[in-house]
Amino acid sequence: MTGTFDAVDVICAKRDGSPLSTEQITWVIDAYTKGAIAEEQMSALAMAVLLNGLNTDELAAWTGAMIDSGARLDLGAVERKTVDKHSTGGVGDKITLPLAPLVAACGAAVPQLSGRGLGHTGGTLDKLESIPGWRATLSNDELIGQLNDVGAVICAASSELVPADRKLYALRDVTGTVQSIPLIASSIMSKKIAEGCGALVLDVKTGTGAFMKDTDQARLLAKTMVELGQAHGVETIALLTDMSTPLGYTAGNALEVAESVEVLAGGGPADVVELTLALAREMLNQAGITGIDPADHLANGKAMDTWRSMIRAQGGDPDAKLPRANEVHTVTADRDGVVERLDAYAVGIAAWRLGAGRARKEDPVSPGAGVVWHARPGDRVRAGQPLFDLHTDDAARIPAALAALDGSVVFGEHHQPSSVVIERVTAS
Ligand code: URA
């Protein structure tokens, strides 16, 4: 017994399918954050939640207790409407980079507290850290100042925000309890709600390269998160988007920065532009900003001006040459045909094996490493034409990346074009 309740009683109740009371949940999250509940007890509880779920009241209490485990960010001194975006992560997902300055150029304040990548999807901070001089850590005063001056900030979340999640996510990672919709929804939404934004747009991905591969499960996760956001007074909607094909033509840190700058210059890959604009329109709508078409601010250079100010404000040089990997190995097509499928997961694993991602939290990433693909679904290629360029600082990594890409391109004669955005998910 460690205080008001007995951890074993709480575990057994959830194991046996009984709902937990708000008091039990508040106690268990608080005691775990303070180290008063053993890791093995929390892992048993996480497994019981994975197997038996949480009902709406339990989920609200669990999320509230996670938020209360740390400090909330106070954005009260920000003069513009605040709106944030969260993506569940995908391959080549560089959308935050053009999106945050674009939405700021349209008049909102975008505090984008981001993370580093783990596994086959890259992290936004890793991408931006490939820009010489750019720093991810800001004090709260710097963050508020930059939101008022520039309108957009992409930086690391403070360690005071939702400390319960840092412990619990690490525990779930090693106990097979990540894939639980209530645990994922409370983990993501507690951090987003604690950030103090007035509105939020979620990009929930589905497909081979997504964290939630099954579309019905992704839809349920989206709905659960939207309802949690609304219940906490944050105007929240979600777009369910396709991640069976990687976004754009690049996966890797500096490679993705360069592609994002192309979008900000009014060009860039059609799918990256489509998703950036779809999310920007939703964010502006959520923030109550009307009468502005974000496409205009990509075309007229205003989003690019905001990007440059945002990078400079965090010590970066927007004109500096981006790092390039030492080795580039090209893979060519062995036949003629139309690309029907380009598998996002395979591309993500290849980029990771080339050095763009990390296997453990403390590993470094290689800023220049990654994959560039030259054909997307719908493109006709001829035998001998380049399909992929593999960028790495260590040639010994190439065979493992090639193995990941084996079978990743499926050729046919026809391709049915489809939109990146599958559907819009709102609260019921
Ligand atoms: N991302 C998070 O922040 N939490 C989860 O549980 C899963 C993905």
Side-chain angles (χ1 to χ4, degrees), residues 25 29 32-33 39 42-43 45-51 53-54 58-59 62-67 69-70 73 84-91 93 95-96 111-126 154-195 197 200-207 209-214 217-229 232 234 236 238 240-241 243 344-345 348 352 357-361:
I25 291 171
I29 299 285
Y32 176 61
T33 310
E39 295 289 338
M42 199 61 185
S43 66
L45 182 60
M47 185 58 82
V49 170
L50 180 133
L51 296 172
L54 294 177
E58 288 175 293
L59 180 59
W62 191 285
T63 309
M66 300 268 288
I67 296 168
S69 72
L73 191 58
D84 194 6
K85 186 266 315 193
H86 177 82
S87 158
T88 56
V91 180
D93 183 5
I95 302 294
T96 296
Q112 189 69 66
L113 304 195
S114 301
R116 293 194 166 72
L118 196 60
H120 75 283
T121 60
T124 299
L125 300 183
D126 296 321
I154 304 175
C155 68
S158 136
S159 58
E160 289 161 24
L161 225 60
V162 198
D165 185 63
R166 215 159 311 111
K167 271 190 94 174
L168 185 55
Y169 197 15
L171 180 72
R172 287 166 55 213
D173 204 25
V174 294
T175 56
T177 51
V178 168
Q179 292 293 332
S180 149
I181 286 183
L183 292 180
I184 299 168
S186 55
S187 164
I188 292 174
M189 292 306 292
S190 60
K191 290 175 282 194
K192 288 288 138 185
I193 294 163
E195 274 174 36
C197 256
L200 175 65
V201 175
L202 299 163
D203 177 2
V204 180
K205 300 200 176 288
T206 175
F211 163 72
M212 197 55 90
K213 300 192 189 319
D214 177 79
Q217 290 290 302
R219 185 180 291 114
L220 183 58
L221 175 63
K223 189 103 186 148
T224 307
M225 293 198 290
V226 167
E227 286 174 359
L228 267 179
H232 280 85
V234 181
T236 309
L240 195 63
T241 69
M243 187 29 72
Y345 183 68
W352 177 41
R358 52 171 73 76
R360 289 168 310 150
K361 275 211 309 299

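As a basis for the values below, the full set of heavy atoms in this structure was taken, side chains included, without hydrogen atoms, waters or symmetry mates. Indexing begins at 1, ligand by ligand and atom by atom, following the structure's order.
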Do D93 and K205 have side-chain heavy atoms sitting under 4.5 Å apart?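 A side-chain contact under 4.5 Å exists here.
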Would a 4.5 Å heavy-atom cut-off, applied to side chains only, mark M189 and L200 as touching?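 Yes, their side chains come closer than 4.5 Å.
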Amino acids contacting ligand 1, non-hydrogen cut-off under 4.0 Å: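 Only Y169, R172, I184, S187, I188, K191, F211 have heavy atoms that fall under 4.0 Å of ligand 1, ordered by chain and number.
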Any donor-acceptor pair under 3.5 Å linking the side chain of R166 with the backbone of S159?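 Indeed, once roles are kept as given, a pair shorter than 3.5 Å links the two residues.
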Under 3.5 Å: donor-acceptor pair, side chain of E195, backbone of L73: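 No; judged by distance alone, with no hydrogens or angles, the pair does not exist.
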Which value, rounded to the nearest 0.5 Å, describes the distance between S186 atom OG and D165 atom CG?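 The CG atom of D165 is 7.5 Å from OG of S186, to the nearest 0.5 Å.
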CD of E160: more than 12 outside heavy atoms within 6.0 angstrom?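 Check fails, neighbour count at 12 or below.
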